[in-house]
Amino acid sequence: MTEGPGSLEPVTEQWQRALAIVAHPDDLEFGAAAAVARWTAQGKHVVYCLVTSGEAGIDGMPPAQARQVREQEQRESAALVGVDTVEFLGLPDGILEYGVPLRRELAAVVRRHRPEIVITNNFRDTWDGAYALNQADHIATGRAVLDAVRDAGNRWVFPE
């Protein structure tokens with residue numbers, strides 16, 4: 001069975017602190033920004049964490065310049081939906097790898113912010129369950145977030 005809009009369950013809104021962890025600037029704007037605006041309007045606190053700065057995402061612009069542009073755009077976009085905390089981890093765009101180092105970094109973010117709910121990228125291989133391939137950074141980030149949330153709750157994993 002292919003998952004579609006009819007098979008999704010509504011997200012409970014019985015929480016006050018959320019953490020959104022995604023791979024790139026603009027990932028939240030393509031999926032969750034409307035929900036974030038709703039939640040912040042309800043008085044909920046949402047923090048954004050961007051694993052990369054999207055520096056490899058503008059072909060006609062050198063990475064150092066693209067980093068500045070995309071970070072500024074992300075801060076401005078976050079402010080429009082009521083998010084005032086935006087963190088950039090600065091990991092390299094386009095070559096993220098799922099593994100222990102990424103899980104460690106993300107578990108630290110989860111422990112620092114202590115969210116009640118976590119939002120992340122689509123971690124499946126495709127967007128539509130069939131042909132539209134997902135981007136490797138999204139897959140690595142999404143999968144690492146799932147494990148990092150569990151890791152953050154275990155004091156024996158990444159005790160540093």
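- In terms of hydrophobic clustering, with Ile, Leu, Val, Met, Phe, Trp and Tyr side chains grouped at heavy-atom distances under 4.5 Å, Leu146 and Val109 are assigned to different clusters.
- Rounding to the nearest 0.5 Å places CD of Glu87 at 9.0 Å from CD1 of Ile21.
- Checking Gln14 against Glu116 by side-chain atom types alone, no donor-acceptor pair falls below 3.5 Å.
- Under a 3.5 Å cut-off, the side chain of Thr40 and the backbone N or O of Val81 do form a donor-acceptor pair.
- By the salt bridge (Lys or Arg N to Asp or Glu O under 4.0 Å) test, Asp84 is found to be paired with no residue, residues two or more places apart in sequence or in another chain being considered.
- Considering only residues two or more places apart in sequence or on other chains, Gln68 meets the side chain to side chain donor-acceptor pair (under 3.5 Å) condition with none of them.
- Asn134 contributes atom CG, which lies 8.0 Å from atom CG of Asp125 (distance to the nearest 0.5 angstrom).
- Evaluation of the ring pair (Phe, Tyr, Trp, His ring centres under 6.0 Å) test over residues 30-68, restricted to residues two or more places apart or in two chains, returns Trp15-Trp39.
- When side chains are defined from C-beta on, Cys49 does not count as touching Phe88, because their heavy atoms never get closer than 4.5 Å.
- Partners of Arg111 according to the salt bridge (Lys or Arg N to Asp or Glu O under 4.0 Å) rule, which considers only residues two or more places apart in sequence or in another chain, do not exist here.
- Residues passing the side chain to side chain contact (heavy atoms under 4.5 Å, CB included) test with Arg67, sequence neighbours excluded: Ser53, Glu55, Glu71.
- Between Leu106 and Val51, the closest side-chain pair of non-hydrogen atoms falls below 4.5 Å.
- Residues that satisfy the side chain to side chain donor-acceptor pair (under 3.5 Å) test with Gln42, not counting sequence neighbours, are Glu13.
- With sequence neighbours excluded, no residue forms a salt bridge (Lys or Arg N to Asp or Glu O under 4.0 Å) with Glu97.
- Under the side chain to side chain contact (heavy atoms under 4.5 Å, CB included) criterion, Asp59 pairs with no residue, sequence neighbours left out.
- Other residues sharing a hydrophobic cluster with Ile139 under the 4.5 Å side-chain heavy-atom criterion for ILVMFWY residues do not exist; the residue is a singleton.
- Asp151 is listed as a side-chain neighbour of Phe158, based on a closest heavy-atom distance under 4.5 Å.
- Residues that satisfy the side chain to side chain contact (heavy atoms under 4.5 Å, CB included) test with Ala23, not counting sequence neighbours, are Asp27, Leu96, Asn121, Asp137, His138, Thr141.
- Between Thr52 and Pro92, the closest side-chain pair of non-hydrogen atoms is not below 4.5 Å.
- Criterion: ILVMFWY side-chain heavy atoms under 4.5 Å apart, direct or through other members. Under it, Ile119 and Val11 are part of a common hydrophobic cluster.
- Put simply, Leu102 and Ile95 are part of two different groups of oily side chains (I, L, V, M, F, W, Y) that touch within less than 4.5 Å, one to the next.
- Using a 4.5 Å heavy-atom cutoff, the side chains of His24 and Asp93 are in contact.
- The two atoms that bring Pro25 and Gly54 nearest to each other are CD-N, 3.5 Å, heavy atoms only.
- Residues meeting the salt bridge (Lys or Arg N to Asp or Glu O under 4.0 Å) test with Asp26, sequence neighbours left out: Arg70.
- Ala34 pairs by the side chain to side chain contact (heavy atoms under 4.5 Å, CB included) definition with nothing, not counting sequence neighbours.
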